[in-house]
Every structure is written in C-alpha cells, then in structure tokens.
Amino acid sequence: MSNLIRFMEALGGSPHLAGASADDFVAAMDKHHVPVAARQALLDRDIQAICEFEKAKDVMFCMIATPDGAEEQDLPEQDDVPEPGEEQREE
C-alpha cells in the first residue's frame with residue numbers, strides 16, 4: 001500500500017483533520033511520508049490529480065453478485081424500517 005493511500009486511510013479515520021489548518025494537514029502528510037508530488041493535489045482536493053498519481057480510475061463501480069440459485073430480495077422501503085426505540089407498525 002502506498003504512503004498516499006495510508007494517509008488517506010488515516011484521514012478517513014481522523015475527522016478532525018478534515019477541518020484542520022493547512023499547517024496541520026501538511027504535518028500529517030509529513031508524518032505519513034506522502035510524496036511531494038501528491039501533496040499539492042491533496043491540498044487542492046484535486047481528485048483527478050490524486051487518481052493520476054496512484055494510476056487509479058476516477059470513476060469506479062461496486063457490484064454485488066449473488067451466488068447461483070439465490071433468490072433476489074427486495075430491500076425494505078425506508079418507511080418499513082423502524083427507527084431505534086420505535087415499535088414496528090402493524091398494518
């Protein structure tokens with residue numbers, strides 16, 4: 001795993017960095033040894049440049065396949081899911 005990916009993983013686990021000053025953000029990049037070439041892209045929040053640096057695609061899809069023979073199940077409507085502490089409504 002690259003240092004840039006490690007930094008981004010740490011960023012996701014540290015919400016306080018999202019609103020950090022530029023100096024604190026740079027210090028965090030130093031701590032994770034983020035390559036100089038990727039730093040400006042991170043500071044600019046330039047998704048395309050970050051993807052180019054990592055040779056990643058900027059658009060990805062997640063597909064979930066069920067095993068053969070499995071029946072499809074519809075997801076419950078939002079109204080069908082009780083809120084925590086709320087009783088299930090009888091219809």
Side-chain angles (χ1 to χ4, degrees):
M1 183 183 324
S2 74
N3 289 341
L4 174 57
I5 299 299
R6 281 190 184 94
F7 172 72
M8 291 173 63
E9 183 179 43
L11 182 62
S14 304
H16 68 279
L17 281 176
S21 68
D23 290 337
D24 290 341
F25 199 72
V26 169
M29 287 191 285
D30 286 340
K31 178 181 173 187
H32 287 87
H33 308 287
V34 174
V36 174
R39 291 175 182 231
Q40 193 60 48
L42 285 167
L43 288 169
D44 293 342
R45 299 177 193 265
D46 186 345
I47 303 298
Q48 216 168 10
I50 293 168
C51 289
E52 287 172 11
F53 181 81
E54 281 294 311
K55 295 178 179 63
K57 296 183 180 200
D58 59 347
V59 176
M60 294 186 187
F61 295 94
C62 175
M63 299 177 78
I64 301 172
T66 58
D68 290 339
E71 293 183 25
E72 288 187 29
Q73 296 178 356
D74 291 330
L75 294 174
E77 294 293 325
Q78 187 63 34
D79 294 339
D80 296 342
V81 180
E83 293 292 322
E86 183 180 276
E87 292 182 25
Q88 182 71 29
R89 287 182 252 159
E90 300 281 329
E91 291 188 27

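Side-chain atoms are counted along with the backbone in the values below, which use heavy atoms only and exclude waters and symmetry mates.
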I need the [X] [atom1] to [Y] [atom2] distance, nearest 0.5 Å.
X     : Y     : atom1 : atom2 : answer
Ile5  : Leu11 : CD1   : CG    : 11.5 Å
His33 : Leu4  : NE2   : CG    : 14.0 Å
Met29 : Leu43 : CE    : CG    : 4.0 Å

- Message: I'd like to know whether Arg39 forms a salt bridge (charged side-chain N to carboxylate O under 4.0 Å, His left out) with Asp30, so could you lay out the CA-CA distance, the side-chain angles of the two residues, the decisive distance to 0.1 Å, and finally the verdict.
- Response: CA-CA 10 Å; Arg39 291 175 182 231; Asp30 286 340; 2.5 Å; yes
- Query: Do Ser2 and Phe53 have side-chain heavy atoms sitting under 4.5 Å apart?
  - Reply: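 In short, these two side chains do not touch, never coming nearer than 4.5 Å.
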